[in-house]
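Let me give you the structure first, and then I'll get to my questions.
Just so we're on the same page: letters track the sequence lines, and every chain starts at 1. All values below come from the heavy atoms of this structure, side chains included, with hydrogens, waters and symmetry mates left out.
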There are 2 protein chains.
Amino acid sequence: MLEATLNEAATLKRLLDAVKELVQDANFECNESGINLQAMDNSHVALVSVKLHSDGFALYRCDRPIPLGVNLGSLTKVLKCAKDDDKCTLKATDDGDVLSLKYEAHNADRVAEYDMKLMDIDADTLGIPDTEYDARVTMLASEFTRIVRDLMSLGESVRIEVSKEGVRFASDGEAAQGNILLKQTDAARERYENYGKDDEDEEVKEDDDDDEKPKKTKKKEKVKKEEDADDEDEEMANGEDDEAEFHAKSEDEGEGEEEVSDSEKKKRKRTAASSSKAKAKKKAKKASVESSAEGGAGGVHIEMTQHVNLTFSLKYLVNFSKSASLSDTVQLMLKNDVPLLVSYTFGQGYIRYYLAPKIGDD
Amino acid sequence: MLEATLNEAATLKRLLDAVKELVQDANFECNESGINLQAMDNSHVALVSVKLHSDGFALYRCDRPIPLGVNLGSLTKVLKCAKDDDKCTLKATDDGDVLSLKYEAHNADRVAEYDMKLMDIDADTLGIPDTEYDARVTMLASEFTRIVRDLMSLGESVRIEVSKEGVRFASDGEAAQGNILLKQTDAARERYENYGKDDEDEEVKEDDDDDEKPKKTKKKEKVKKEEDADDEDEEMANGEDDEAEFHAKSEDEGEGEEEVSDSEKKKRKRTAASSSKAKAKKKAKKASVESSAEGGAGGVHIEMTQHVNLTFSLKYLVNFSKSASLSDTVQLMLKNDVPLLVSYTFGQGYIRYYLAPKIGDD
DNA sequence: TTCGTATACG
DNA sequence: CGTATACGAA
């Protein structure tokens with residue numbers, strides 16, 4: 001039995017907008033921690049991963065894990081019948097082959113109920129490698145959208161290069177070739193540096209739902225490298241996917257995503273234990289840094305341990321960038337020969353896209 | 001070697017918007033005085049002439065004249081990649097078959113560079129007749145846009161008639177026929193009359209880059225005629241094109257445009273010499289008249305020496321009217337049986353369209 | 001300016 | 001059929 005209420009139907013609508021063009025059918029995996037969706041596009045070049053935390057719902061109850069096999073086209077149609085600010089309740093029984101959606105206007109004057117047939121979908125539980133990326137770029141989601149759309153009109157693919165100069169997006173086309181260089185915003189860098197210096201115990205916060213391992217000394221090094229243009233090598237952890245396609249894990253291999261999730265939990269606990277007294281202070285500081293560096297003047301924030309240079313299909317990136325409606329900022333995580341991670345984090349969770357690079361940098 | 005920097009990429013974008021639908025490929029003729037473009041549409045019914053003065057650029061350098069053969073579609077695509085307020089630098093080498101465009105955000109955090117292939121275009125240097133028009137209508141560009149669009153929905157062509165009553169735009173369609181009469185705005189007329197009376201030496205300024213010959217006595221006469229409804233004939237100077245198409249000059253005939261330019265220079269010198277002491281005063285007065293008559297309350301300003309009545313294809317006029325984004329006001333110059341001149345003047349230069357009338361006033 | 005739709009084109 | 005462009009509306 002699942003029963004989950006979102007205060008804004010818009011969240012679901014926006015999530016679906018970008019996903020439905022990538023995947024036709026997918027399982028919404030519901031469990032006590034929330035709702036997850038993972039799916040590959042048909043060509044197995046892109047992978048999308050959505051998380052809605054249970055505590056982001058106005059009401060959430062899920063007795064036992066249920067996979068809800070949904071045709072995303074149908075769900076989109078049904079969601080179109082909700083107003084953006086409607087309260088939206090999802091219900092499904094454990095054995096059920098039906099998903100019920102209830103939309104309620106906030107003044108309770110209107111209640112709409114829809115039932116959607118569910119389907120059985122082979123649970124290609126996907127192993128998402130817990131990659132240690134070499135570069136992270138945080139930028140305005142709208143700017144990312146703009147860049148990939150601009151380059152899309154020139155050519156099919158974009159080369160993304162992160163160097164100490166900044167991040168460069170380059171595309172070659174028949175009529176013209178172009179590239180856009182985004183420099184680390186000065187204001188963002190200064191704030192970032194002060195942020196590091198102020199508090200020796202502080203670590204670079206990646207994200208609310210960070211993929212990476214927060215090893216404090218290493219993190220410090222990363223920042224230093226960015227400033228000193230140090231090129232020394234650093235070990236790769238879990239860098240296991242350097243091919244152009246994702247591979248579905250057979251189910252008995254275990255759930256890759258759950259593994260990631262577990263390690264995240266551990267990290268959070270450790271962090272909390274090691275510096276609990278400074279917690280409140282840090283939180284405040286972090287918020288201010290993020291709002292000024294990321295949300296503020298459209299600053300670009302770059303962290304890098306290695307020069308990276310990869311080529312991707314613009315078609316996918318343009319598709320991903322539709323999720324800009326969910327968040328003001330987007331994070332790009334890169335490492336040579338490994339899928340790019342494009343991540344939008346919002347109040348209730350996140351949507352992450354993984355895109356295999358083009359091989360041979362063509 | 002050409003290197004030219006515009007403070008606002010929007011200027012180029014807006015210029016291209018209207019031109020690209022008229023012409024596919026055109027030469028940007030660059031020389032020390034600035035950048036010119038002249039081209040005819042495929043049917044040879046319309047001609048467009050663009051000028052960007054070198055002193056309108058933040059930086060301008062052109063060692064020797066270079067024609068840059070540009071596919072306007074490609075250039076449009078590349079310009080789409082610029083934000084309106086980006087600083088835009090154009091670069092081309094003398095022998096170059098490439099045009100480089102650099103866009104810089106004003107905070108310098110983003111630098112985009114594009115290279116566009118150039119092409120060889122037969123330089124149909126066009127002879128633009130140095131016509132002495134019989135009527136000039138200055139009006140709000142937005143009003144002109146509105147009128148031609150409105151009439152476009154009724155019929156294919158518009159008859160434009162300038163009489164002492166004002167200027168009338170009339171269209172006949174199957175479902176309906178309509179006409180719009182714009183009277184000379186009183187406020188504009190008064191200011192204009194005072195302006196003439198105040199200073200006997202003053203001449204009617206046409207435009208910053210006037211095509212016409214400023215013959216002072218004749219100009220006075222024109223104003224008088226407008227008031228007295230005098231119908232006496234006046235000789236036409238250079239009225240050599242009364243057919244429905246423009247003719248390309250072969251290159252060895254000389255450059256018509258340069259001729260015009262030369263004669264303009266002479267005129268300017270003569271004017272300057274004859275009344276240099278009153279120059280500053282005139283300038284100030286001229287500015288005030290222009291701002292009140294043209295920019296003010298949307299007044300329509302009409303000067304006329306002859307009753308004119310011509311018919312034009314609305315499709316072209318609607319296209320021309322897209323240049324309204326470049327200037328608040330538009331000037332229509334008319335003379336019977338001669339192409340209409342539609343002129344938008346802006347800070348950096350102008351865009352002028354010539355449109356051959358429909359023959360037989362159908 | 002951004003969005004959505006309509007249409008023309010490949 | 002999908003894409004790209006143009007136009008009108010918000």
(request) Only counting residues at least two apart or in another chain, list the ones meeting side chain to side chain contact (heavy atoms under 4.5 Å, CB included) with Leu332(B). (result)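 Testing Leu332(B) for side chain to side chain contact (heavy atoms under 4.5 Å, CB included), a comparison that skips the adjacent residues, returns Val137(B), Met139(B), Phe144(B), Phe169(B), Val330(B), Leu334(B), Leu340(B), Val342(B).
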(message) I'd like to know if the side chain of Tyr316(B) pairs up with that of Asp41(B) as donor and acceptor (distance under 3.5 Å, no hydrogens or angles considered).
(response)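 The answer is yes; a qualifying pair exists.
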(message) Walk along nucleotides 1-10 of chain D from 5' to 3' and tag each nucleotide B, S or - by protein heavy-atom contact under 4.0 Å, base first, then sugar-phosphate.
(response) ----SSSS--
(message) Whole angstroms only, please: what is the CD-C1' distance between Glu143(A) and dT2(C)?
(response)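 It works out to 17 Å between those atoms.
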(message) Could you check whether atom NZ of Lys87(A) has more than 12 heavy atoms from other residues, nucleotides or ligands sitting under 6.0 Å from it?
(response)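 For Lys87(A), atom NZ is not crowded (no more than 12 foreign heavy atoms under 6.0 Å).
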(request) Output yes when Lys13(B) and Asp17(B) qualify as a salt bridge under the 4.0 Å nitrogen-oxygen rule, no when they do not. (result)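 Not counted as a salt bridge, because no side-chain N and carboxylate O are separated by less than 4.0 Å.
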(request) May I ask you to say whether Arg110(A) pairs ionically with Asp86(A), meaning some side-chain N is under 4.0 Å from a carboxylate O? (result)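 A salt bridge is present here (some side-chain N lies under 4.0 Å from a carboxylate O).
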